[in-house]
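To start, the structure under review is shown below, and the notes come after it.
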Amino acid sequence: MGQIKRIGVLTSGGDAPGMNAAVRAVTRTAIYHGYEVIGIKRGYYGLVFNEMERFTTKSVSNIIQQGGTILKTARCKEFTTAEGREKAYENMKSAGIDALVVIGGDGSLSGARTFAEEFDVPIVGLPGTIDNDLGGTDRTIGYDTALNTIVEAVDKIRDTATSHERLFLVEVMGHMAGYLALNGAIASGAEAAIIPEKETEIDQLADLVSRGFRKSKNSAIVLVAENPETGGAMGLAKRIKEEFPEYDARVTILGHLQRGGSPTAADRILASKMGAQAIIALMEGQRNVMIGTKNGELVYIPFSKATTHKQKLDIQGMELVKMLSI
Ligand code: F6P
């Protein structure tokens, strides 16, 4: 592809608070530098089925504080097929789009990687997911807001847990990564976290029980990372009921609540910086990289690394939770 004049922006996969701030930053930085911007609706679906509109600076007014994504999002099946991507490329060419900024999680950036390789399209990605699980970046857009939502919810659960002297298993999202569960547990003063990165759930459960986690306190809260294979918090509660009937366990699944809400200041700042950098990256001739952050600095991470080398969770935090919950 030749010189870039027109840039398409899309949000894809699970929405994350701060995506709007990122769309705003991408749009305004691009226009500021003389590019045209096309907003692509419903992620890759909008490319495949031609749902796009010209964006002006006004298109992104008053959205920095809004959760969700004004562009809508989807997990587009058609884009996973060669025919779908061919159609997307044809539509992109007809719309005069020379480069893309894709905001999403690992599935969305894997799709971007394949598309870029097949059609030689310049693409820059932004890590937009509450899971914080993309390789090479310390933070993803939406993670901080989701973490704060979890803490607020657990604080409330603590009130009823304490009143009834109960054990609560609070299930959080994470897509097989324990960031939200572990850091949610540290931040809310939970008694334990059960995460996919550490041994099996059974071992972690046995450890909890052997510590007599409810005996010295009048309530206990365990943050459990969602796990479709084991049933997550529901699966654990079933086992607790069968094996340790003395524990009066209750389950709360926070679910999609964690994806909503106005982004925190940290997420707005991260999304604004990353969104602006995506345009700078294209201007510098960068291709097929995700914008990440390492020790406070913005960095470029090849899609190949971002989507295959999951960010490693520091499980030392598990010891911290244990030590601080005595
Ligand atoms: O990747 C974001 C995420 O919220 C994960 O934490 C979760 O596993 C998944 O998306 C849920 O996806 P859906 O909204 O399609 O049910």
Side-chain angles (χ1 to χ4, degrees), residues 10-23 42-46 67-69 71-80 102-113 125-154 169-185 187 193-197 201 223-236 251-264 267 270-271 274 290 292 303 306-311 313:
L10 63 86
T11 51
S12 166
D15 61 338
M19 277 184 165
N20 279 328
V23 170
R42 302 184 173 81
Y44 295 115
Y45 183 95
T69 160
L71 282 173
K72 313 283 184 209
T73 185
R75 302 188 198 276
C76 176
K77 276 207 194 93
E78 291 79 3
F79 195 73
T80 62
V102 172
I103 308 166
D106 62 348
S108 307
L109 298 185
S110 299
R113 180 185 175 192
L126 296 185
T129 168
I130 63 166
D131 302 333
N132 205 44
D133 62 344
L134 283 158
T137 186
D138 290 339
R139 283 283 165 273
T140 59
I141 297 164
Y143 170 67
D144 185 67
T145 307
L147 204 49
N148 278 283
T149 300
I150 290 168
V151 169
E152 207 185 316
V154 174
L169 302 173
V170 181
E171 184 178 297
V172 299
M173 282 184 167
H175 190 231
M176 296 311 280
Y179 282 93
L180 290 170
L182 178 53
N183 288 320
I194 294 199
I195 57 169
E197 289 85 349
E201 278 187 355
L223 261 66
V224 183
E226 64 177 356
N227 191 332
E229 279 160 29
T230 60
M234 290 300 272
L236 272 181
V251 171
T252 303
I253 297 176
L254 296 184
H256 290 78
L257 188 97
Q258 297 160 90
R259 290 230 298 253
S262 180
T264 57
D267 269 331
L270 184 70
M274 287 182 161
M290 180 188 84
F303 281 155
T307 55
T308 54
H309 295 62
K310 289 229 170 213
Q311 177 76 350
L313 176 69

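One-based numbering, in listed order, for ligands and for the atoms of each. Start at 1 with the first residue, then count along the sequence. It should be emphasised that the depicted structure is a prediction, and the values quoted were computed from it without experimental measurement.
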Check: How far apart are the C-alpha atoms of L254 and I150, what are their side-chain angles, what is the distance that settles it, and do they pass the side-chain contact (heavy atoms from CB on, under 4.5 Å) test?
Finding: CA-CA 8 Å; L254 296 184; I150 290 168; 4.1 Å; yes
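When non-hydrogen atoms are compared, ligand 1 lies under 4.0 Å from the side chain of H256 (C-beta onward) but not from its backbone.
Taking any N or O of G174, backbone or side chain, at least one lies under 3.5 Å from an N or O belonging to ligand 1.
Among all non-hydrogen protein atoms, the one lying nearest atom 1 (O) of ligand 1 is D131 OD2, 2.6 Å. At the top of the distance list for atom 4 (O) of ligand 1, counting protein heavy atoms only, stands R259 NH1, 2.8 Å.
Judged by distance alone, the side chain of T11 and the main-chain N or O of K72 form a donor-acceptor pair under 3.5 Å.
For residues 251-260, every residue pair satisfying the salt bridge (Lys or Arg N to Asp or Glu O under 4.0 Å) rule, not counting sequence neighbours, is listed here: D15-R259.
Looking at residues two or more places apart in sequence or on another chain, you find a salt bridge (Lys or Arg N to Asp or Glu O under 4.0 Å) between R113 and E117.
Summarising the geometry, atom NE2 belonging to H309 is positioned 13.5 Å from atom CG belonging to D106; distances are rounded to the nearest 0.5 Å.
Closest to atom 8 (O) of ligand 1 by heavy atom, among E226, M173, R75, H175, is E226.
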